[in-house]
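Start at 1 with the first residue, then count along the sequence. Below, all heavy atoms of this structure are taken into account, side chains as well, without hydrogens, waters or symmetry copies.
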Amino acid sequence: MYSRFARLIFGAATEPSAEAPSLLCDSRAVPRPASISWGRTVLTRWWLRRHGILLLALAAALIVGFSTRVVLLLKTFGQISWDASLAGVFAWGAVFDVAAALWWILPLATGLAILPANFFQRRVGRALAHGAVFFLLYVLLFGAVAEWFFWDEFGTRLNFIAIDYLVYTTEVLGNIRESYPLPMLLGAIAVLALAGTVGLRRTGWLAMWLAPSPESPGRRWRATLGWAAVALGTGTVLQQNHLPHFANAYHTELAKNGQWSLFAAFRGNQLDYDTFYPTLPTDEAFSRVSRTIPVDNPTAIPTAAVQHDLLRPVMHTGPELRLNVIQITVESLSADFLTRYGNRENLTPHLDAIIPRSLVFDRFYATGNRTDRGMEALTLSVPPTPGRSLVKRPENAGLFTLGSVFRQKGYSTSFVYGGFGYFDNMNAFFGGNGYRVLDRAKMASSDITFANAWGACDEDLFRWTLREADQQFAAARPFFQFVMTTSNHRPFTYPAGRIDLPPKTSGRSGGVKYTDFAIGEFLNAASTRPWFNQTVFVIVADHCASSAGRSELPVEHYHIPLIIYAPGGQLRTGAVATLSSQVDFGPTLLGLLNWSYPTRFYGRDVLALPADVPGRALIANYQKLGLYQDGRLVMLQPVRHSATFAYDESTHVLAARAADPELTRDAIGYYQSASWLFKHHRQSDITSGALVP
């Protein structure tokens, strides 16, 4: 039994039989498969050398790359533009597939040069060769499966988000284990890789490659250097920004190779604005921003154009409201999960119940499509500069934040998170900017009744929030809390019996409804506290549940709710139709409290905008930067490219239109000035209050 299995997997035994020529003989004695019976062509001569196996690796990569592209295309069938541009998608895709394969087979090429001359004439050498082929096929198939699930989650090929996932292995691997039948998937991949290995052996391809006479070290190293030169040359010349501008964003993603895209993200997830994007003279960039930002204080004369600084006073008359604030930032809460915005599944009955007693912003947009982007905008009130968010960049401590203003007024500020706050650098960011950090790692096991890979359930989180509020109230300190939920995140598991949707199998719908339930329970519990009527409760999302779409910046996939609920009746209620985004949250909240303070915020008090000043939303992904205003979207892209679109909020149709020079220059002003300020460390905290009368 063992002998048959060994012969099947590792090749013939050391003693040749009449039916199977020995692998120790020369290549002419090895039976060639019928598919290559054309003789000693150039391809055959290459194959009969030691490095011939690299041709197999290259072919396998092309087949898997092409198949992956077809499967993803079919998965997105309804969103694809079925036109001639698909030919370009597959042509460019083949180019990137070859380029990626050249890079990841370099270790194999190096190994072939290092191994002794007669290595593959030994049984152990043949075993290693077959094992290497199995591993090669396994890695290719594993990558294809990973791309499927990444595409299902984000609608893109592997990008810088996947880099984060590789860094934060505890949460990500736990999430994968809890979300998918991992043993079955890995086992199926292994079976397919083994079948491919056995098939290649039975057809004679592997036997033919292993049969040639030993090669000298010089020849082996020359071959390896040749492959390395081609790979390095390709990597130097070929860049993803060489892809043509496809009208459908899905086409652009399909034209990429997942592994190549992952490497490009690793190398370039922080983009220098001045290098890659359209620019203005620095003075003009700041002048344009300063004309639009301080509209809530028309008596102030901004000096931004001269000093390259947005520091200015915000002044209000009358008494300030000293209310506590609990800001609940809900994971992936798209606006269309709420009944108010068209949902018919009754997923948010508790939020729906408080909306009539709240101030609701109906045209409120996230700045990005990741949690750290939402945190950045809600905390710093800055545009989403290209590359990584500031939450995850170095030198992000001591910045001017919403917490800075609250602490200046004597408040305690805290960040409360159900997961481990080292993820996405949350603890370092909030802790470095003056917030007291409370996360899963700080809690005793008895404080956690249910948890998954991403964190404790939202009921646990809100119990911690109540306790923190009680402690601050007992210390006679007003408080501001930034609370971040986790339950509305894959794998969508939560305590059973809380809602009418079962955990995990209900997917996103269950996650949304459970979080809504937990918020309802939290508000009920808070209503029994003495501080309840002196507290403002904010419900806002970090980003939408999905960011993929036919366009590169699908505006509708940035639409999120903002609900400001003051049970004590101190704040106005009703609906706000002004267009706004997360950068406007801080100034608008502080305006509702009637506070005067010094500021460096980019956001505006939406409720104080003059009637003739239009609202605007700053939206972006890690590479495309947008300014949406008056039904027009300007998008800035590498390399120094811009485009203008008309957007219909009712139909979600985004159509190209003639360039709008003024709006384009405004967009450049926002993003260029923000990048300049952080590059030159000009967004530091302000604690003196010298500008406040």
Side-chain angles (χ1 to χ4, degrees), residues 159-161 163-164 241 265 267-280 282 284-286 288-290 292-293 304 308-310 365-402 424-426 428-429 432-433 542-543 547 552-553 558 581-586 600-604 616-628 633-642 664-684:
N159 57 31
F160 85 106
I161 298 174
I163 296 292
D164 290 344
N241 57 25
R267 186 174 64 176
N269 57 17
Q270 292 191 37
L271 301 177
D272 180 72
Y273 182 91
D274 292 340
T275 300
F276 291 100
Y277 293 88
T279 59
L280 299 171
T282 305
E284 182 183 348
F286 277 91
R288 284 185 169 271
V289 173
S290 67
T292 61
I293 285 181
H308 298 168
D309 192 343
L310 299 183
Y365 288 81
T367 60
N369 46 33
R370 294 274 288 149
T371 297
D372 53 340
R373 278 298 187 197
M375 290 178 168
E376 172 189 75
L378 294 169
T379 304
L380 298 172
S381 185
V382 295
T385 50
R388 284 188 165 196
S389 78
L390 297 168
V391 173
K392 290 157 60 176
R393 295 188 194 179
E395 300 180 348
N396 64 1
L399 302 177
F400 179 68
T401 69
L402 182 58
D424 271 353
N425 203 43
M426 296 178 192
F429 172 75
N433 285 289
D542 57 350
H543 57 83
S547 60
E552 292 173 294
L553 284 179
Y558 289 79
S581 67
Q582 286 171 324
V583 298
D584 300 311
F585 164 68
R600 281 190 165 125
F601 290 153
Y602 272 79
R604 310 183 297 193
R616 53 98 175 98
L618 297 163
I619 63 174
N621 56 32
Y622 74 100
Q623 193 176 68
K624 309 297 190 303
L625 314 174
L627 171 60
Y628 174 46
L633 173 69
V634 168
M635 184 163 59
L636 308 179
Q637 311 171 63
V639 176
R640 300 186 180 278
H641 178 72
S642 65
T664 299
R665 295 175 83 83
D666 283 345
I668 295 171
Y670 281 121
Y671 290 105
Q672 181 181 338
S673 62
S675 297
W676 190 98
L677 286 171
F678 285 102
K679 186 176 182 179
H680 292 84
H681 309 290
R682 298 293 291 273
Q683 282 289 72
S684 59

Yes or no on side chain to side chain contact (heavy atoms under 4.5 Å, CB included) for Val391 and Thr379, after CA distance, side-chain angles and deciding distance? CA-CA 10 Å; Val391 173; Thr379 304; over 6 Å; no
Distance-only donor-acceptor check, side chains [X] and [Y], under 3.5 Å:
{"X": "Asn433", "Y": "Thr401", "result": "no"}
{"X": "Thr385", "Y": "Arg393", "result": "yes"}
{"X": "Ser675", "Y": "Tyr277", "result": "no"}

On a heavy-atom basis, which atom in [X] and which in [Y] lie closest, and how many Å separate them?
{"X": "Ser389", "Y": "Asp372", "answer": "OG-OD2, 3.0 Å"}
{"X": "Asp584", "Y": "Gly603", "answer": "OD1-CA, 3.5 Å"}
{"X": "Lys624", "Y": "Gln637", "answer": "CE-OE1, 3.2 Å"}
{"X": "Tyr671", "Y": "Ala620", "answer": "OH-CB, 4.4 Å"}
{"X": "Phe429", "Y": "Asn396", "answer": "CD1-ND2, 3.7 Å"}
{"X": "Leu636", "Y": "Ser642", "answer": "CD2-CB, 3.8 Å"}

Any chance the rings of Trp676 and Phe286 have centres within less than 6.0 Å? yes
Check: Tyr628 ring centroid to Tyr558 ring centroid under 6.0 Å: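 No, too far apart.
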Please check: side-chain N/O of Gln672 versus main-chain N/O of Leu280, any donor-acceptor pairing under 3.5 Å?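 Between the backbone of Leu280 and the side chain of Gln672 there is a qualifying donor-acceptor contact (under 3.5 Å).
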For Ala428, is there any backbone N or O sitting under 3.5 Å from a side-chain donor or acceptor partner on Asn425?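 Pair absent, no side-chain N/O of Asn425 close to backbone of Ala428.
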Run Arg370 and Asp424 through salt bridge (Lys or Arg N to Asp or Glu O under 4.0 Å) and show every step you take. CA-CA 10 Å; Arg370 294 274 288 149; Asp424 271 353; 3.7 Å; yes
Is [Y] close to [X] at the side-chain level, that is, under 4.5 Å between some pair of heavy atoms?
{"X": "Arg665", "Y": "Glu284", "answer": "yes"}
{"X": "Arg616", "Y": "Leu627", "answer": "yes"}
{"X": "Phe400", "Y": "Leu380", "answer": "no"}
{"X": "Leu625", "Y": "Leu618", "answer": "no"}

Could you walk me through whether His543 and Thr367 pass the side chain to side chain contact (heavy atoms under 4.5 Å, CB included) check? CA-CA 8 Å; His543 57 83; Thr367 60; over 6 Å; no
One pair to check against salt bridge (Lys or Arg N to Asp or Glu O under 4.0 Å): Arg373 and Asp542. What are the steps and the verdict? CA-CA 8 Å; Arg373 278 298 187 197; Asp542 57 350; over 6 Å; no
Do Ser673 and Tyr602 pass the side chain to side chain contact (heavy atoms under 4.5 Å, CB included) test, and can you show the C-alpha distance, the side-chain angles, and the key distance before you say yes or no? CA-CA 10 Å; Ser673 62; Tyr602 272 79; 2.7 Å; yes
